Structures are given as C-alpha cells and as structure tokens.
Amino acid sequence: YGYFGGGYTSPLTFNDTIDRIDFSNETTSAPGNNLTQGRNLLAGTSSNSYGYFGGGVNAGLSPNFVTTVDRIDFTNETTSAPGNNLSQVRAGLSAVSSSFYGYFAAGYILSPGPSITTYNTVDRLDFSNETTSAPGFDLPQSRLGSSAVSGGASERIKGSRTYGYFAGGESPPRRDTVDRIDFSNETMSLPGNDLPVTRDELAAVSSSSYGYFGGGYNPPTTEFATIHRIDFSNETLSAPGNNLPQARSGLAAVSSSSYGYFGGGYTSPLTFNDTIDRIDFSNETTSAPGNNLT
C-alpha cells in the first residue's frame, strides 16, 4: 500500500486524514486511522515497517508550526506518536530514507510581520529506536517546498540506497538546484546537474533506476505538468517526454516497485484536486488509473 496523509482544503481546513492506495488493484480507501493532528505542508518517509509523517502547520489565520512526528504501522495501519519529534518547528520540508535512517530537511516558519524564515537544516530519524537527532550536516542552501527521492546504482544490486536527492524549492528565489546526501558518510554535495526549470511544491517518486520529479509551481500563476527524470547511474537530468495529465502544485507521491502515483494538489487560484496520476516505470507513460483520493 501507499499512504497519503494530511493536507489542506479551503477555507482554512487542515486535514488529519490518511488515504490508502492498494498497489495490487489501485483502489483507494480511508483505512480509518488518521494523523494525531490535522496539518499541511508536512513530509513523509518510511522504513520497511513504519511510515513517518513529520512537521507541518496546523492552524489557520494564526499559523501553528509543529515538530510532530506521527507513525503508521504497516502491519495493522494503526497510527501513533512515537514521542521523538523534529528538533525545530517547520513546514514545507521534504524527506528521504536510507535503509537505516530517515532524513527530514529544509522548510520554513512564518514569523510576525509576516516574515518567512527558511531552513537548510537536516533532522535524522533512526529507524532502529525512533530517536531523532541533528547529524551535523545541512543542505548547501535553505529552501521550502522542495521534493526528494532516494536511490542509487547499488539499489539494484544489494537492495540498499546510496543517495538521497533534494530538488527545487524556494528560499526565495525559486530554485532548480539538486542537492545530494551520501548515505554512506552523510556528506552533502551538489552533483552539478539541476532541474531544467525552477519550481517549488513539486513531488517525486522513484524506481530502482530513476527518480521522477513532477508538478510544481513558478509564479505568477504557472503550475507545471512537467516530469523531469534523474538517472541514478550518472545523475543526469532529462525530460522523458511524458508529463502529468494535468498541471498542479502542492501534490504528494508514493511509489510501488512498478508505478509511481502523484496525488492531490491544486491549481491557481486554490482549486483543490483529488486526482491520482500514474507513471509506469517500465515505459514512462503516464495515465489516470481512475481511482482518486477520498
């Protein structure tokens, strides 16, 4: 299964709902166990046993940025708060995972004024004991609204992920940058190949060979349907030529071994969407399988 958690609908409604997509038949449903609080602009990562939703904002006219990490148990779909949260409040962050750790990075808070403060900091979640810590390295630049995938050449050989990639976002200005984390030594670097266009509020899925960044936003009113691909073997970026059936930003995504699914999002001015679009990893065609978010 894949799980979509949280989100926002107008007017000023922050959701705690978790929707489930069954990879075997692509039906969608609400399993009935939700996040511990409604929130938007959160990030998710997963081990083999659990999914973790971290950070976000959960209020309306007076934004309440949170550090909360919620856990979903894949064996019985119960949700809980394991008790170890992010080191700082933030929303608009993104996350990747190695075989042993989850990494929540970047994001922002809104201060009185209003004034936006963006972050480049990284929090690490240890899957073995669910403790969180600051591993001591950060993204090369602060940003909000980026997206992230995990992968690497060795994943196809021994099942371990080699790198995590954070792409796009806004600091401001909006960025096309791709940052890389090396899971073997937790160093950060710029591999040198970036997105062809600047955008934020995009989403990402990955096969064993490629990562796919889809959707996003670049003002004043430009949402993208574009999908760009990163080749894990050489870190080159390209456009495979098949895009999302519709342009949107603020979407989220999950992957099975065969398909990637992009769900939700909005188009300007704040028209919300329940659509799920699918990319077939075998031939990179995109389609709408017909079962959408609840």
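Note that the coordinates shown come from a computational prediction; the quantities given were computed from them, not determined experimentally.
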Under 4.5 Å between any side-chain heavy atoms of Tyr101 and Pro135, yes or no?
no

What's the separation between atom OG in Ser98 and atom CD in Glu186, rounded to the nearest 0.5 Å?
7.5 Å

Once the angle between the rings of Phe183 and Tyr103 is folded into 0 to 90°, is it parallel (under 30°), tilted (30 to 60°) or perpendicular (over 60°)?
parallel

Is there a continuous path of hydrophobic side-chain contacts, each under 4.5 Å between heavy atoms, that joins Leu144 to Ile109?
yes

Would you say Asn243 and Phe224 make side-chain contact, with heavy atoms under 4.5 Å?
no

Consider only side-chain heavy atoms of I, L, V, M, F, W and Y, link residues closer than 4.5 Å, and tell whether Val149 and Phe104 are in one cluster.
no

Applying side chain to side chain donor-acceptor pair (under 3.5 Å) to Asn40 and not counting sequence neighbours gives none

Consider only side-chain heavy atoms of I, L, V, M, F, W and Y, link residues closer than 4.5 Å, and tell whether Phe137 and Val178 are in one cluster.
no

Pairwise distance OG1(Thr236) to CG(Asn193) - rounded to 0.5 angstrom
6.5 Å

In this structure, are over 12 heavy atoms from other groups packed under 6.0 Å from Asn48 atom CG?
no

Give me the atom names and distance for the closest heavy-atom approach of Asp274 to Asn292.
O-CB, 3.0 Å

Shared hydrophobic cluster for Ile279 and Tyr210 (ILVMFWY, side-chain gaps under 4.5 Å):
yes

Do the non-hydrogen side-chain atoms of Asp194 and Arg175 ever get within less than 4.5 Å of each other?
no

Any side-chain heavy-atom pair of Asp182 and Ser184 under 4.5 Å
yes

Sub-3.5 Å donor-acceptor pair from the side chain of Arg90 to the main-chain atoms of Ala106, do we have one?
yes

Excluding sequence neighbours, so at least two apart, what forms side chain to side chain donor-acceptor pair (under 3.5 Å) with Asn291?
none

State the CG-CG distance between Asp70 and Leu42, to the nearest 0.5 angstrom.
8.5 Å

Does the side chain of Leu190 reach to within under 4.5 Å of the side chain of Asp179, using non-hydrogen atoms?
yes

To the nearest 0.5 Å, atom CG of Leu125 lies from atom OG of Ser47 at 8.5 Å

Got Phe65 and Leu110 here, is their nearest side-chain heavy-atom distance under 4.5 Å?
yes

Can you give me every donor-acceptor pair (side chain of residues 264-272, partner residue at least two apart or in another chain, under 3.5 Å) with its distance?
residue, atom, partner, partner atom, Å
Tyr266, OH, Glu201, OE1, 3.0
Ser268, OG, Glu223, OE2, 2.7

Tell me whether Val57 shares a hydrophobic cluster with Val89, the cluster being built from Ile, Leu, Val, Met, Phe, Trp, Tyr side chains joined at under 4.5 Å.
yes

side-chain hydrogen bond (donor to acceptor under 3.5 Å, both in side chains) contacts in which one or both residues fall within residues 71-81, not counting sequence neighbours:
Tyr3-Glu77, Arg20-Glu77, Arg71-Ser80, Arg71-Glu130, Asp73-Thr75, Asn76-Thr78

Which residue pairs pass the ring pair (Phe, Tyr, Trp, His ring centres under 6.0 Å) test with at least one member in residues 33-54, sequence neighbours excluded?
Tyr52-Phe127

At their closest point, which heavy atom of Asp123 faces which heavy atom of Ser87, and how far apart are they?
OD1-OG, 2.6 Å

Would you say the side chain of Leu93 lies within less than 4.5 Å of the side chain of Tyr119, judging by non-hydrogen atoms?
no

Return the minimal non-hydrogen interatomic distance between Arg248 and Leu251, and the atom names on each side.
O-CD2, 3.8 Å

Shortest non-hydrogen contact from Thr68 toward Asn85:
CA-OD1, 3.5 Å

Can Tyr165 and Val96 be said to form a side-chain contact (heavy atoms from CB on, under 4.5 Å), step by step?
CA-CA 8 Å; Tyr165 300 90; Val96 295; over 6 Å; no

Would you call Leu237 and Ile230 a side-chain contact if the rule is heavy atoms closer than 4.5 Å?
yes

Counting only heavy atoms not in Phe100, do more than 12 fall under 6.0 Å of its CZ?
no

If every non-hydrogen atom of Glu170 is compared with every non-hydrogen atom of Asp200, which pair is closest and at what distance?
OE1-OD2, 3.1 Å

d(Ile18 CD1, Thr294 OG1) to nearest 0.5 Å is 11.0 Å

Rounding to 0.5 Å, atoms CE (Met188) and CG (Leu139) come to a distance of 4.5 Å

Apply the test side chain to side chain donor-acceptor pair (under 3.5 Å) to residues Arg143 and Ser171: give CA-CA distance (whole Å), side-chain angles for both, the deciding distance (0.1 Å), then the verdict.
CA-CA 4 Å; Arg143 46 182 157 163; Ser171 56; over 6 Å; no

Nearest heavy atoms of Ser142 and Thr118, plus distance in Å:
OG-OG1, 3.1 Å

For Ser255, what residues pass the side chain to side chain donor-acceptor pair (under 3.5 Å) criterion, not counting sequence neighbours?
none

